[in-house]
Structures are given as structure tokens and as C-alpha cells.
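Read the structure below first, then the notes.
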Amino acid sequence: MNVPRIIIAIDGYSSTGKSSFAKLIAEELGFIHLDSGALYRAVTLYALRHDMIDYRNRVDENALLEALMSLSITLKHTKKGTETYLEGENVDVPIRQMDVSNAVSPVSAIPFVRNFVDKLLHKYAKEGGVVMDGRDIGTNVFPSAQLKIFMTADTRVRAERRFAEMKNSGKKLSVEEVMKNLEERDYIDSHRAVSPLKKADDAIVLDNTDMTLSQQMEWLRKILEERWG
Ligand code: DC
């Protein structure tokens with residue numbers, strides 16, 4: 001298979017396995033993987049650490065806007081995947097913890113935050129050969145991406161997958177709590193005014209409720225072969 005150095009956009013609901021799938025595709029094609037959610041999470045972590053988000057998830061937008069003028073968020077591509085750095089610190093673990101998951105949707109609904117992240121994504125994708133996952137990649141960040149996938153799966157199945165991941169990392173939460181967080185994020189992400197989560201008209205839907213990662217890869221290989229043989 002000779003896939004040119006295109007941009008593959010993967011969007012979809014929370015915990016549908018977008019990042020795991022994107023990472024595997026990137027490995028197979030020798031592309032880089034850009035996880036746009038990790039960038040929103042890094043901004044959120046910064047805002048939490050600097051008391052810019054109150055207990056009701058209200059964001060101090062003036063303080064955050066000023067901070068973003070000089071905030072350093074960088075990505076490093078390694079053999080193990082793409083790492084996320086906030087002010088020089090690797091934050092791949094803290095950005096995936098529940099405090100960040102609970103606050104990230106309101107932060108990512110702020111237009112100047114989206115602008116900040118979009119600029120970073122364009123910078124890192126300028127050479128092509130990229131698999132990028134998020135909520136608005138195919139609709140807004142790269143509307144001309146040559147391949148767009150929209151991922152979905154049954155909500156309980158998604159919550160159980162996320163629950164299993166969190167259990168391994170020692171977190172004590174019930175499946176119901178995880179499901180509530182997923183549903184809230186899906187709701188905010190799909191209903192916000194700026195770049196809401198929605199399927200691009202030309203995206204192919206992948207419902208992976210009953211699929212393993214290798215079955216998803218098989219599904220993708222057929223599409224790549226049909227298009228780029
Ligand atoms: O993919 P994720 O769960 O790590 O993303 C975290 C949050 O970031 C998600 O709830 C919505 C937001 N996000 C977004 O608004 N747009 C993107 N392109 C990616 C993520």
C-alpha cells in the first residue's frame with residue numbers, strides 16, 4: 001500500500017478509542033499522531049494549577065487569555081508515540097486524570113483557547129503525514145483532510161472501557177461516575193457555540209462497540225486500499 005503523506009482526521013465521542021486507533025494508524029503508516037484533546041487538556045491543567053477554574057467550573061478567561069500569550073505547550077515525537085509538554089514538563093499522566101477530565105469541556109469551549117490549539121495543530125501538521133484526533137478536526141481544523149473518520153460506540157461500553165483503564169491506574173470511581181462524565185462531556189462538546197462535535201458530511205462512520213483494535217485496523221486497511229491501493 002502506498003498511502004501518500006495525507007492528513008487523516010479522526011473525530012468522535014469521548015472514549016471511543018480515537019487516540020489508540022490514531023496511534024496505531026500512525027505507527028502502521030509511519031505518520032505522526034497528533035492528539036488535539038491532549039492540547040486542550042494541557043491548557044486545562046495549567047488553568048487548574050493556577051487557580052483559574054473555580055469549583056463550579058467557571059473559568060477566569062481574562063487570566064487565561066493573558067497566560068496563553070506566553071504559554072509553552074510542545075509535542076515531542078518519540079518511538080513510543082507523541083509526548084505532551086507543558087512549560088517543559090511531560091504532562092501525559094496528569095492531563096488524563098479526572099480533575100482535568102471534569103474541567104476540560106468548558107475550557108475547550110472558549111474561542112481563544114480553540115484558536116491557540118488550532119495554531120499549534122497547524123504548526124505540527126505542516127509537513128503532512130499526520131493522523132489527528134479530536135472533535136472538530138474534519139469539520140473545522142482540517143476540513144480538507146483527505147480521509148475523515150467519525151467514531152462512535154455504545155455509551156456503556158465506552159464507560160466500561162474507560163473504567164478499566166482508570167482501574168489499572170489505581171483510581172477509585174464507579175462505572176456510573178465515569179459514564180456521567182462521558183455523557184456530560186459529549187453534551188457540552190456537541191452543543192457549544194464554537195466548533196461543536198459533529199460528523200463532517202464526508203466522514204466515514206466507525207461504530208466500534210463490538211470491534212477490537214485489530215478489527216478496526218482491518219476495516220481501515222480496506223478503505224486505504226480502495227482509495228490508494
Ligand atoms: O479526546 P479527549 O477526551 O482527550 O479530549 C478532551 C476534551 O477536549 C474533550 O472533552 C473536548 C475537547 N476537545 C475539543 O473540544 N476539540 C478537539 N478537537 C479535541 C478535544
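Since the structure is predicted, the reported quantities are computational estimates derived from the model, not experimental observations. All residue numbers refer to positions in the sequence shown, counting from 1. Worth knowing before you read on, the calculation uses all heavy atoms, side chains too, and leaves out hydrogens, waters and symmetry mates.
Distance check, rounded to the nearest 0.5 Å: CE of M52 to CG of N62 gives 10.5 Å. How far NZ of K199 is from CG of L197: 12.0 Å, rounded to the nearest 0.5 Å. Atom OG1 of T44 and atom CD1 of I53 lie 5.5 Å apart (nearest 0.5 Å). One finds the CG atom of L224 at 7.5 Å from the CD1 atom of I25 (value rounded to the nearest 0.5 Å). For the atom pair CG of L34 and OG of S19, the computed distance is 10.5 Å after rounding to the nearest 0.5 Å. A distance of 12.0 Å separates CG in L65 from CG in L71, rounded to the nearest 0.5 Å.
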Are K148 and F142 close enough, and set up right, to give a side-chain contact (heavy atoms from CB on, under 4.5 Å), and what steps lead you there?
CA-CA 10 Å; K148 299 180 188 176; F142 282 100; over 6 Å; no
Could you give me the CA-CA distance, side-chain angles and deciding distance for L29 and I8, then say whether side-chain contact (heavy atoms from CB on, under 4.5 Å) is met?
CA-CA 11 Å; L29 298 179; I8 301 180; 3.9 Å; yes
Please test K198 against S190 for side-chain contact (heavy atoms from CB on, under 4.5 Å), starting from the C-alpha separation and ending with a verdict.
CA-CA 7 Å; K198 80 177 188 348; S190 315; over 6 Å; no
Check step by step if side-chain contact (heavy atoms from CB on, under 4.5 Å) holds for W219 and I204.
CA-CA 11 Å; W219 173 89; I204 311 166; 3.7 Å; yes
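At least one side-chain heavy atom of I149 sits less than 4.5 Å from a side-chain heavy atom of L220. Residues Y124 and M132 form no side-chain contact, since every pair of their non-hydrogen atoms from C-beta on lies 4.5 Å or further apart. Using a 4.5 Å heavy-atom cutoff, the side chains of S105 and D189 are in contact. Contact of the Y13 side chain with the L182 side chain is not registered, since no non-hydrogen atoms from C-beta on lie closer than 4.5 Å. Looking at I10 and I137, their side chains never come closer than 4.5 Å, going by heavy atoms from C-beta outward. Side-chain atoms of V157 and R161, non-hydrogen and from C-beta on, do get closer than 4.5 Å to each other. M98 has its side chain out of reach of E177: every pair of non-hydrogen atoms, C-beta onward, lies at least 4.5 Å apart. The shortest side-chain heavy-atom distance between T84 and R41 does not fall under the 4.5 Å cut-off.
G30 and R5 get closest at one heavy-atom pair: O-NH1, 3.6 Å. When all heavy atoms of A193 and P196 are compared, the closest pair comes out as O-CD, 4.0 Å. Taking each heavy atom of D133 and A22 in turn, the nearest pair found is OD1-CB, 3.9 Å. The heavy-atom pair separating D210 from Q215 by the smallest distance is O-OE1, 3.7 Å.
Remark: the backbone N or O of A153 is paired with a side-chain donor or acceptor of R158 at under 3.5 angstrom. Between the H122 side chain and the V141 main chain, a donor and an acceptor come within less than 3.5 Å of each other. In this structure, R114 contributes its side chain and A109 its backbone to no donor-acceptor pair below 3.5 Å. In this structure, the side chain of N208 engages the main chain of T16 through a donor-acceptor pair within 3.5 Å. Not one N or O on the side chain of D11 forms a donor-acceptor pair closer than 3.5 Å with the backbone of F150.
Between S14 and R135, the side chains place a donor N or O and an acceptor N or O closer than 3.5 Å (distance only, hydrogens not considered).
Contact check on E225 versus K222 returns no salt bridge, with no Lys/Arg side-chain nitrogen under 4.0 Å from an Asp/Glu carboxylate oxygen. Looking at E28 and R221, a side-chain N of the basic residue comes within less than 4.0 Å of a carboxylate O on the acidic one, giving a salt bridge. Contact check on R58 versus D54 returns a salt bridge, with a Lys/Arg side-chain nitrogen under 4.0 Å from an Asp/Glu carboxylate oxygen. Here R156 pairs with E176 in a salt bridge; the nearest charged N to carboxylate O distance falls below 4.0 Å. Looking at K180 and E184, a side-chain N of the basic residue comes within less than 4.0 Å of a carboxylate O on the acidic one, giving a salt bridge. Ion pairing between a basic and an acidic side chain is recognised when a charged N comes within 4.0 Å of a carboxylate O; R96 and D35 show such pairing. The existence of a salt bridge linking D136 and R192 is excluded, since no basic side-chain nitrogen approaches an acidic carboxylate oxygen closer than 4.0 Å. Note on E89 versus R49: salt bridge recorded, some NZ/NE/NH1/NH2 to OD/OE distance being below 4.0 Å.
I7 and F31 are members of different hydrophobic clusters when ILVMFWY side chains are connected at heavy-atom separations under 4.5 Å. Residues L121 and I6 do not share a hydrophobic cluster, clusters being chains of Ile/Leu/Val/Met/Phe/Trp/Tyr side chains in contact below 4.5 Å. Linking Ile, Leu, Val, Met, Phe, Trp and Tyr residues whenever their side-chain heavy atoms come within less than 4.5 Å leaves L75 and V131 in two separate clusters. By the rule that hydrophobic residues join a cluster once side-chain heavy atoms approach within less than 4.5 Å of another member, V178 and Y187 end up as members of separate clusters. Cluster membership check: V91 shares its hydrophobic cluster with L120, using side-chain heavy-atom separations under 4.5 Å among Ile, Leu, Val, Met, Phe, Trp and Tyr.
Ring centroids of F116 and Y40 are separated by 6.0 Å or more, keeping the two rings apart.
Annotation: E66, atom CD; neighbour count of heavy atoms from other residues, nucleotides and ligands within 6.0 Å does not exceed 12.
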